[in-house]
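The figures here come from the full heavy-atom set of this structure, side chains too, leaving out hydrogens, waters and symmetry mates.
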Amino acid sequence: MCRSIKTLRPPVTPEVTDDDIKAAALQYVRKVSGFRAPAAHNREVFDHAVAAVTAATRELLDGLQVRGSSAPAHPDALTIRPEPAQAGDRSETVRARSTY
């Protein structure tokens with residue numbers, strides 16, 4: 001699809017800047033809209049779409065948790081995950097595995 005959009009999540013890209021995220025959002029909106037640069041009468045909606053995709057991408061990247069890392073990519077990110085079982089309480093884990 002958008003071949004010029006690079007993977008922005010860590011550890012593939014350890015230092016992601018706001019410019020990287022905005023560039024990816026711009027490429028996405030260009031691809032979806034079919035316009036490299038919008039006409040004057042479409043400029044406002046085009047810019048709004050770029051801003052919305054930029055915000056959604058930042059939220060996504062901030063909330064992703066890299067395997068082997070104990071914290072999300074951004075410390076203030078919201079993550080929705082079930083509470084882990086207490087140490088030594090494996091009853092749920094054993095039951096879940098025995099159904100396969």
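- Residues Thr17 and Ile21 form no side-chain contact, since every pair of their non-hydrogen atoms from C-beta on lies 4.5 Å or further apart.
- No path of Ile, Leu, Val, Met, Phe, Trp and Tyr side chains, each step under 4.5 Å between heavy atoms, connects Val45 with Val50, placing them in separate hydrophobic clusters.
- In this structure, Thr54 OG1 and Asp20 CG are separated by 11.5 Å, a value rounded to the nearest 0.5 Å.
- Rounded to the nearest 0.5 Å, atoms CG (Leu26) and CG (Asp47) are 9.0 Å apart.
- Contact check for Arg9 versus Thr7: side-chain heavy atoms found under the 4.5 Å cut-off.
- Shown here for Phe46 and Phe35, the closest heavy-atom pair between the two residues is CE1-O, 3.9 Å.
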Checklist entry - How far apart are the C-alpha atoms of Asp18 and Arg58, what are their side-chain angles, what is the distance that settles it, and do they pass the side chain to side chain contact (heavy atoms under 4.5 Å, CB included) test? => result CA-CA 8 Å; Asp18 289 337; Arg58 171 53 69 197; 3.2 Å; yes
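- Taking each heavy atom of Val29 and Val53 in turn, the nearest pair found is CG2-CG2, 4.1 Å.
- In this structure, NZ on Lys31 lies 14.0 Å from CZ on Arg36, to the nearest 0.5 angstrom.
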